[in-house]
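Working notes, beginning with the structure itself.
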Number of protein chains: 2
Amino acid sequence: MEKNDALLGLSALAHEIRLDVFRLLIQAGPQGLTAGDLARLADIRPNTLSNNLNILSAADLVRSSREGRSVRYFAQMDTMRDLLGFLLQDCCGGQVELCQSFLDQIACDC
Amino acid sequence: MEKNDALLGLSALAHEIRLDVFRLLIQAGPQGLTAGDLARLADIRPNTLSNNLNILSAADLVRSSREGRSVRYFAQMDTMRDLLGFLLQDCCGGQVELCQSFLDQIACDC
DNA sequence: CGTTCTTTTCCATATTACATGAATTATGGA
DNA sequence: TCCATAATTCATGTAATATGGAAAAGAACG
């Protein structure tokens with residue numbers, strides 16, 4: 001991932017509404033959530049949500065597909081992974097043991 | 001980590017200078033870099049750097065200690081780890097195999 | 001075709017964040 | 001004490017971003 005993409009992703013996530021939305025989508029997993037679901041769950045106006053979903057989409061952190069009258073959104077985990085990889089690139093000054101210990105501590109609670 | 005701390009961290013990283021600085025510190029590892037080193041490496045004015053180091057410090061992504069006339073900065077990997085943990089919390093809709101596969105793909109190149 | 005539901009776009013306003021110059025603080029050496 | 005070096009703080013003009021109302025667009029259904 002290039003720096004500009006990383007900045008796009010970080011800027012997208014550095015916002016309360018978008019962080020809430022992205023985490024809801026992360027937690028929803030592969031089935032995703034419709035825009036309407038998100039508006040209800042996060043309690044935000046539809047136009048504000050739409051603007052923020054656009055910003056997340058521009059960063060490729062979410063993707064969408066139309067489903068009847070609704071639009072369903074999904075977290076794009078590949079992009080998330082690339083972003084984390086970029087942040088940790090060449091980390092720890094080449095000391096592999098520091099690096100390994102760091103990664104081991106990122107535990108997923110699911 | 002709480003949401004507000006995560007937002008503080010993400011906002012701190014969502015900025016070209018600060019992302020450069022943080023990655024330089026990540027790559028420097030435990031020995032860190034002085035403010036002067038950073039200003040030279042990233043080619044930024046000292047006062048601009050100082051402002052941005054303050055923002056990274058407020059997010060606890062970096063810490064510093066005085067070293068003679070210089071101030072040495074270090075990436076705070078614990079905070080970084082907590083931030084990543086927060087982002088991935090309850091991810092993948094409870095499907096452990098998705099989660100595991102995701103984490104396995106975050107490889108550190110060092 | 002007209003209505004309803006869902007989502008998006010447009011736009012004006014308000015807020016916030018940013019880089020910079022000038023001044024200030026802190027340290028070490030002459 | 002005086003000077004040079006290193007880093008920080010402060011005030012300010014400018015630029016970027018967020019917000020919400022109004023209107024429009026897309027889709028399903030009678």
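Chain letters run A, B, ... following the sequence lines, proteins first and then strands; every chain starts at 1.
- Residues A:L38 and A:L25 form a side-chain contact, since some pair of their non-hydrogen atoms from C-beta on lies under 4.5 Å apart.
- Side-chain contact check for A:S65 versus A:F74: some heavy-atom pair is nearer than 4.5 Å.
- Think of the region where chain B sits on DNA chain C: with heavy atoms and a 4.0 Å cut, that region ends 5' and 3' at C:dC18 to C:dG28.
- With respect to B:R40 and B:D43, no salt bridge is recorded, no charged nitrogen being found less than 4.0 Å from a carboxylate O.
- Taking 4.5 Å as the limit, some side-chain heavy atom of B:T48 sits within range of a side-chain heavy atom of B:N52.
- Remark: the A:T34 side chain and the A:D37 side chain contain an N/O donor-acceptor pair separated by less than 3.5 Å.
- Nucleic acid contact for A:S50: base, since at least one base atom lies under 4.0 Å from a heavy atom of the residue.
- Side-chain contact between A:V62 and A:Y73: present, with at least one pair of heavy atoms (C-beta onward) separated by less than 4.5 Å.
- No cation-pi contact links A:R81 to A:F86, judged by a cut-off of 6.0 Å to the six-membered ring centre and 45° from its axis.
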**Complete:** Nucleotide by nucleotide, nucleotides 16-29 of chain D touches protein heavy atoms under 4.0 Å in the pattern (B base, S sugar-phosphate only, - none) --SBBBB---SBB-
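- For B:L53 and D:dA7, the CG to P distance is 10 Å, given to the nearest whole Å.
- Within the 4.5 Å cutoff, the side chain of B:D78 has no heavy atoms near those of the B:D60 side chain.
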